[in-house]
Each structure stands twice: as C-alpha cells, then as structure tokens.
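Values below: all heavy atoms of this structure, side chains included; hydrogens, waters and symmetry mates excluded. Owing to the predicted nature of the structure, the values given are computational and were not obtained by experimental measurement.
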Amino acid sequence: MHASNNTSQVPRRQRERGAAAVEFALAAILFFTVLFAIIDFSYLFFANLTMQHAVREGARYAVTGQSGLDPVNSDRCAAATARIKDQSMGLYDRMNPTVVFKTVNADGSITPVACANANQIIVIEVSCDLPLLTSFLQPFFANGKYSFKASTTMKNEAFK
C-alpha cells in the first residue's frame, strides 16, 4: 500500500473550517476602527460647536451689563464665565477650560483687562482640551486630547 494524500480525502467543508472566523476578524477591525472614528469626530465637532455657542451666550450676557450670576461681587466677567459654564451642557467641567477676557481700545490695541466699559469692544476666548471618548484616535492628538479655542467679539452696550 502506498501512502495517500490526506487532504484529498478530507471533505472541503472541513478544510475551510475557521476561514469565516478569520475573515470576520479582519473585517471587524476595519469596521470598528471606522465606527469609533466617526463617533469620536462627531463628539469633537459637537463639543466645538457647543462651546462656541456657550462663549457667544456668555459674551452676550456680559455686554448687556448684567452681573446677576455673580451677586456677591457684581463682577461681569465672573458672571459671563458662569453663563458660559451653564450653556456648555456639562462640557465645561469635562474640559476645565481657560477663559480670557480682552478689551479692544479705540486705537485698536488690545488690553487684557476685565469686561471693559460701556461702548468698548470685548473679546472672550476660551481654550479647551477635550479628552477623546475612545482610544482609537488618541495617537493622532497631542496628549490624547483635542485642543481648540472658541472665541467671540462683541461691543458692550451703553449700560450704567
């Protein structure tokens, strides 16, 4: 008797056992990478737009001369910051941003002082570092965080 080739006698179905699992594993890696990238980028765009809205609302609150959100000191800048925090839908606490107030003088120079006086231009700039939701995109961002700035410029209304 001579030795026969075992693969010719094994049914084809048994020889391909596990091929579907390997193909699924390869396709799943690509699928989940794309899925998590979509989720992360959607979250980043949402956070950016939300903070831009919050900064605009805070500036609007400040330029009208209101300080009701800081009743102790009647500080319009602190009140504007509180308004930004309220309007950020919880993202403010997650990012721990830096809020900077600047005043544009009549000659065009910029002074880093509070919320300015009536009829002066105020600039509010918020610098944010947002941690990503998943670890898939973290290698593409410095320190695994998305850094962005949201700012707005408005003219103070004539208030008392």
Exercise. Given S42, which of I38, L44, I39 fulfils the side-chain contact (heavy atoms from CB on, under 4.5 Å) condition?
Worked result: I38
Problem set entry | Sole residue of L132, L91, T134 in side-chain contact (heavy atoms from CB on, under 4.5 Å) with Y43 | L91
Exercise. Below 4.5 Å, heavy atoms only, C-beta onward: do M95 and P97 meet side chain to side chain?
Worked result: yes
Exercise. Q52 versus R56: any side-chain heavy-atom pair under 4.5 Å?
Worked result: yes
Honestly curious: do [X] and [Y] fall in one hydrophobic cluster under the side-chain, below-4.5 Å linking rule?
X    : Y    : result
F24  : V34  : no
F141 : F45  : yes
L49  : F46  : no
I110 : V100 : no

Minimum heavy-atom separation for [X] and [Y], please, with both atom names.
X   : Y    : result
A79 : Y61  : CB-CE2, 3.7 Å
T33 : I29  : OG1-O, 2.7 Å
A62 : I122 : CB-CD1, 4.4 Å
M51 : S88  : SD-CB, 3.7 Å
G58 : A80  : O-CB, 3.5 Å
C77 : D75  : N-OD1, 3.1 Å

Exercise. With no hydrogens and no angle check, do the side chains of N48 and Y146 hold a donor and an acceptor under 3.5 Å apart?
Worked result: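 There is such a pair between these side chains.
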Exercise. Run the side-chain contact (heavy atoms from CB on, under 4.5 Å) check on R76 and N156 step by step: do they pass?
Worked result: CA-CA 11 Å; R76 286 187 308 120; N156 279 325; 3.6 Å; yes
For this session: Mind checking the CD-OG1 spacing from E57 to T152? Nearest 0.5 Å is all I need.
Result: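 E57 atom CD to T152 atom OG1 measures 10.0 Å (nearest 0.5 Å).
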Exercise. When rounded to the nearest 0.5 angstrom, what is the spacing between CE in M154 and CD1 in I121?
Worked result: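 Those atoms lie 12.0 Å apart.
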Exercise. With a cut-off of 6.0 Å (strictly less than), are more than 12 heavy atoms of other residues, nucleotides or ligands near CG of D93?
Worked result: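 Yes.
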For this session: Go through the steps to decide whether I124 and I84 satisfy the test side-chain contact (heavy atoms from CB on, under 4.5 Å), and finish with yes or no.
Result: CA-CA 10 Å; I124 300 177; I84 291 169; 4.0 Å; yes
Exercise. Angle class for the F36/F136 ring planes (parallel below 30°, perpendicular above 60°, tilted otherwise)?
Worked result: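 Because their plane-to-plane angle lies in the 30° to 60° range, the rings of F36 and F136 count as tilted.
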